[in-house]
Amino acid sequence: AQTVTQSQPEMSVQEAETVTLSCTYDTSESDYYLFWYKQPPSRQMILVIRQEAYKQQNATENRFSVNFQKAAKSFSLKISDSQLGDAAMYFCAYRSGSNTGKLIFGQGTTLQVKP
Amino acid sequence: EAEVAQSPRYKITEKSQAVAFWCDPISGHATLYWYRQILGQGPELLVQFQDESVVDDSQLPKDRFSAERLKGVDSTLKIQPAELGDSAMYLCASSLRVRHVQETQYFGPGTRLLVL
């Protein structure tokens, strides 16, 4: 069975600084997808960034980028130029490439942004 | 921008009562998911529908939980009887399926259930 682990329950960053959230996963599959979702307080979960396992190039979305290390089964999220609106719970998630659609989530990391 | 709708947003009930949650996915999304998120944890899949058919309900406690999507559009998740341990956020998500590939899941705002 696949598992996703986020070892940082809480992180904080100064506004305009850079922060990295860690995620490791375990799978025996070669075809899969990895995601970072953001869940602001009392608001719905939204997709931040997505990475296909077959792609060697790390995904980027504006201030958000990932460091995907397939051999190490590591998938970290880097947030550059942090903004107050980035404060939220961040979840790392895994999806099998077998098209089941099911997302397997980590425990989440609460990010605090200090002004 | 199209969104996944859920109601109610909050529900307080007493133990042993019945509760029901409703979800309306983004128009055209054939795949619908119900997740349960216990406070401080990541969501866990309860049930997945492809159109009106259940494709995964392996984590659904079938003795008390039921889910349906009769016309392949909106969906209802029911708990009867509710137990204290059912207190959680219930999230609905939907996605397109393009050439047998599930696309990105979009989540609704969730229903927060408190069982007293």
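Letters A, B, ... mirror the listed sequences (proteins, then strands); counts begin at 1.
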(request) Determine which residues belonging to residues 20-29 of chain A lie within contact range of chain B, meaning some heavy atom pair is under 4.5 Å apart, and list them by number or answer 'none'. (result) none
(message) For residues B/Val47 and B/Leu45: do they belong to one hydrophobic cluster (side chain heavy atoms under 4.5 Å, members Ile, Leu, Val, Met, Phe, Trp, Tyr)?
(response) no
(request) Mind checking the CD-CD spacing from A/Gln44 to B/Glu3? Nearest 0.5 Å is all I need. (result) 5.0 Å
(message) Counting neighbours of CD on B/Gln41 that are heavy atoms of other residues, nucleotides or ligands and sit closer than 6.0 Å, is the number greater than 12?
(response) yes
(request) Using the rule that two of Ile, Leu, Val, Met, Phe, Trp, Tyr join whenever any of their side-chain heavy atoms come within less than 4.5 Å, decide whether B/Trp34 and B/Val54 are in one cluster. (result) yes
(request) Enumerate by number any residue of residues 47-73 of chain A whose heavy atoms lie under 4.5 Å from heavy atoms of chain B; in the absence of such residues, state 'none'. (result) A/Leu47, A/Arg50
(request) Answer yes or no: does atom CZ of A/Arg43 have more than 12 heavy-atom neighbours from other residues, nucleotides or ligands under 6.0 Å? (result) no
(request) Please test B/Gln105 against A/Tyr37 for side-chain contact (heavy atoms from CB on, under 4.5 Å), starting from the C-alpha separation and ending with a verdict. (result) CA-CA 10 Å; B/Gln105 291 184 32; A/Tyr37 276 88; 3.8 Å; yes
(request) Please indicate whether B/Leu84 has more than 12 foreign heavy atoms, meaning atoms of other residues, nucleotides or ligands, lying under 6.0 Å from its CG. (result) yes
(message) If I measure from the heavy atoms of chain B, does A/Gln39 come under 4.5 Å with its side chain, its backbone, both, or neither?
(response) side chain
(message) Which atoms of B/Arg112 are under 4.5 Å from chain A, going by heavy atoms: the side chain, the backbone, both sets, or neither?
(response) neither
(request) Indicate, with yes or no, if B/Phe49 and B/Val73 share a hydrophobic cluster defined by side-chain heavy-atom contacts under 4.5 Å among Ile, Leu, Val, Met, Phe, Trp and Tyr. (result) no
(request) Return the option, out of B/Pro43, B/Pro109, B/Gly110, B/Ser95, with the maximum number of heavy-atom pairs under 4.5 Å with chain A. (result) B/Pro43
(message) Looking at B/Lys62, I'd like to know if its NZ atom is crowded, meaning that more than 12 non-hydrogen atoms belonging to other residues, nucleotides or ligands lie closer than 6.0 Å.
(response) yes
(message) Under 4.5 Å from any heavy atom of chain B, what part of A/Leu103 do you find: side chain, backbone, both or neither?
(response) both
(request) Can you tell which part of B/Thr31 gets under 4.5 Å to a heavy atom of chain A, answering side chain, backbone, both or neither? (result) neither
(message) According to a hydrophobic-cluster definition based on side-chain heavy atoms being under 4.5 Å apart (Ile, Leu, Val, Met, Phe, Trp, Tyr only), do B/Leu114 and B/Leu39 belong together?
(response) no
(message) Side-chain heavy atoms nearer than 4.5 Å, only ILVMFWY residues, links allowed to pass through others: does that put A/Tyr94 and A/Tyr33 together?
(response) no
(request) Could you tell me which non-hydrogen atom of B/Gly42 sits nearest to which non-hydrogen atom of A/Phe91, and how far apart they are? (result) CA-CE2, 3.3 Å
(message) If I measure from the heavy atoms of chain A, does B/Tyr106 come under 4.5 Å with its side chain, its backbone, both, or neither?
(response) neither
(request) Report yes if the side chains of B/Gln37 and A/Phe105 come closer than 4.5 Å at any heavy-atom pair, otherwise no. (result) no
